[in-house]
Amino acid sequence: MPERNKGKIIAIIPARGGSKGIHRKNIQILGGKPLIAWTIEAAKMSRVVDRIIVSTEDEEIAEVAREWGGEVPFFRPVEMARDDSSAGEAVCHAQSRLIKAGENVAVTMVLYPTHPFRTRHMFKAAVSALLDHKCDTFTTVRKINTPPGKFVGLNRQGYIYPLSLPGAPQVHYRPYGLITATRRHHLNRGTYVYPVSDLASLVDIDEPEDLKYAEAVLNAGFVDYYG
């Protein structure tokens with residue numbers, strides 16, 4: 001791998017114990033294994049991630065994570081695991097702890113367990129974008145339709161403008177958090193965006209119906225780690 005001798009690629013999985021839409025969501029069963037296991041296994045099978053760190057304040061989630069190959073070398077402070085807590089704060093906490101412990105972190109990947117289905121190609125694309133092409137960040141995005149007149153942008157002068165004009169393509173993209181990766185040392189070279197559109201990649205589990213949909217996608221054979 002490029003620049004492997006200059007630092008490690010660390011995956012951080014934020015997984016607090018509380019959840020609103022689904023009780024104990026991160027360890028609910030999907031396809032015969034805990035939800036968080038899908039993200040841990042995808043990172044392991046990518047063959048580009050050096051360590052998989054689960055950020056949690058919850059003993060049971062920590063135990064499940066370790067059973068499936070994740071590491072929980074420290075616990076997240078309880079104040080970073082409330083309903084109004086920022087996942088970004090938890091990620092920064094984990095990264096800071098690793099660096100203070102002497103870990104040479106080159107790239108941090110944030111992997112939310114609510115997106116269970118990722119492919120090896122996504123991980124490799126992230127590493128290539130950051131280490132080969134020297135981008136500062138990498139993010140997955142999904143397509144959204146923008147009918148004329150429905151959405152507007154704001155330019156530097158403070159004037160709004162329509163995102164879609166009559167006769168123009170009515171498609172834009174928004175961040176979609178399967179993988180968000182960042183170089184530790186930025187080079188001011190921008191963000192690489194990776195569009196996702198297949199049924200499996202678009203699964204995002206927040207409500208009980210989402211779990212049922214994920215099971216249907218899985219049973220239909222649309223999940224491919226190696227894609």
Val48 reachable from Tyr192 in the ILVMFWY side-chain graph, under 4.5 Å edges:
yes
Is any side-chain heavy atom of Leu98 closer than 4.5 Å to one of Ile53?
yes
With a 4.5 Å heavy-atom cut-off, do Glu63 and Val72 have their side chains touching?
no
Tell me the closest heavy-atom pair linking Val141 and Pro175, and the distance in Å.
CG1-CA, 4.0 Å
Taking the side chain as every heavy atom from C-beta outward, state whether Val193 and Thr191 have any atom pair closer than 4.5 Å.
yes
Would a distance-only check, ignoring hydrogens and angles, find a side-chain to backbone donor-acceptor pair under 3.5 Å from Gln28 to His23?
yes
So CZ of Arg189 and NZ of Lys134: to nearest 0.5 Å the spacing works out to 7.5 Å
Polar side-chain atom of Asp210 near backbone of Glu207 as donor-acceptor pair, under 3.5 Å:
yes
Taking only Lys NZ, Arg NE, NH1 and NH2, and the carboxylate oxygens of Asp or Glu, determine whether Arg184 and Asp136 approach each other closer than 4.0 Å.
no
Partner set under side chain to side chain donor-acceptor pair (under 3.5 Å) for Asp58, not counting sequence neighbours
Arg24
Counting only N and O atoms by type, is there a donor-acceptor contact under 3.5 Å from the side chain of Asn26 to the main-chain atoms of Arg16?
yes
Considering only NZ, NE, NH1 and NH2 on the basic side and carboxylate oxygens on the acidic side, decide whether Arg51 and Glu103 come within less than 4.0 Å.
yes
Side-chain heavy-atom pair Thr119, Asp224 within 4.5 angstrom cut-off:
no
Between Ile52 and Tyr112, is there a shared hydrophobic cluster once you connect ILVMFWY residues whose side-chain heavy atoms come closer than 4.5 Å?
no
Identify which one of Leu131, Val127, Thr182 satisfies the side-chain contact (heavy atoms from CB on, under 4.5 Å) criterion when paired with Val107.
Leu131
If you apply the rule ring-ring contact (aromatic ring centres under 6.0 Å, His included), what do you find for Tyr194 with His121, and how did you get there?
CA-CA 11 Å; Tyr194 183 101; His121 186 270; 5.8 Å; yes
Grouping I, L, V, M, F, W and Y whenever their side-chain heavy atoms are under 4.5 Å apart, do Ile36 and Phe123 come out in a common cluster?
yes
Between CE on residue Met122 and CZ on residue Phe117, distance to nearest 0.5 Å:
11.5 Å
To the closest 0.5 Å, what do you measure between CD1 (Ile205) and NZ (Lys25)?
8.5 Å
With distance as the sole test, does Lys33 use its side chain to make a donor-acceptor pair with the main-chain N or O of Leu30 at under 3.5 Å?
no
From CA spacing to verdict: side-chain contact (heavy atoms from CB on, under 4.5 Å), Met109, Thr180
CA-CA 6 Å; Met109 290 185 180; Thr180 302; over 6 Å; no
Is Thr56 reaching over with its side chain to a backbone N or O of Ala15, donor-acceptor style, under 3.5 angstrom?
yes
Any Tyr161 side-chain heavy atom under 4.5 Å of Val152 side chain
no
Spatial distance of atom NZ (Lys44) from atom CH2 (Trp68) [nearest 0.5 Å]:
8.5 Å
Contact summary for Pro113 and Thr39, nearest pair of heavy atoms:
CA-OG1, 3.4 Å
For the backbone of Leu202 and the side chain of Arg142, can you confirm whether one donor and one acceptor N or O come within less than 3.5 Å of each other?
no
Minimum-distance pair of heavy atoms, taken over all atoms of Gly31 and Leu218
CA-CD2, 3.5 Å
List in chain and number order the residues that pass side chain to side chain donor-acceptor pair (under 3.5 Å) with Arg66, two or more places apart in sequence or in another chain; answer none if no residue qualifies.
none
Between the main-chain N or O of Ile179 and the side-chain N or O of Thr140, is there a donor-acceptor pair closer than 3.5 Å?
yes
Give the C-alpha distance, both sets of side-chain angles, the deciding distance and a yes or no for side-chain contact (heavy atoms from CB on, under 4.5 Å) between Ile13 and Ile40.
CA-CA 8 Å; Ile13 303 174; Ile40 293 171; 3.7 Å; yes
Report the C-alpha distance between Ile22 and Leu211 in whole Å, list the side-chain angles of each, state the deciding distance to 0.1 Å, and finish with yes or no for side-chain contact (heavy atoms from CB on, under 4.5 Å).
CA-CA 9 Å; Ile22 303 175; Leu211 263 178; 4.0 Å; yes
Geometric class of the His93/Phe74 ring pair [parallel <30°, tilted 30-60°, perpendicular >60°]:
perpendicular
Which heavy atom of Pro116 sits nearest a heavy atom of Leu35, and at what distance?
CB-CD1, 3.9 Å
Calculate, to the nearest 0.5 Å, the distance between atoms NZ and OH belonging to Lys143 and Tyr173 respectively.
4.5 Å
Looking at Lys20 and Asp206, is there a salt bridge between them, counting it only when a charged N and a carboxylate O are closer than 4.0 Å?
no
Relative to each other, are the rings of His115 and Tyr176 parallel, tilted or perpendicular (30° and 60° limits)?
perpendicular
So Arg183 and Phe138, side-chain contact (heavy atoms from CB on, under 4.5 Å) or not? Walk me through it.
CA-CA 9 Å; Arg183 288 176 60 95; Phe138 169 100; over 6 Å; no
Mind checking whether Trp38 and Leu199 sit in one hydrophobic cluster, side chains of I, L, V, M, F, W, Y counted as touching below 4.5 Å?
yes
Quick check: do Val105 and Gln95 have side-chain heavy atoms less than 4.5 Å from each other?
yes
If you draw a 6.0 Å radius around CG in Leu154, do more than 12 non-hydrogen atoms from other residues or ligands fall strictly inside?
yes
Using a 3.5 Å distance criterion without hydrogens, assess whether the side chain of Arg76 forms a donor-acceptor pair with backbone atoms of Ser55.
yes
Within the distance-only criterion (no hydrogens, no angle test), does the side chain of Asp50 pair as donor or acceptor with the backbone N or O of Lys8 below 3.5 angstrom?
no
Shared hydrophobic cluster for Ile12 and Ile99 (ILVMFWY, side-chain gaps under 4.5 Å)
yes
Please report the shortest heavy-atom distance between Cys135 and Leu130, naming the atom on each side.
O-CD2, 3.2 Å
Taking all non-hydrogen atoms of both residues, which atom of Ser46 and which atom of Arg120 are closest, and how far apart?
O-CG, 3.7 Å
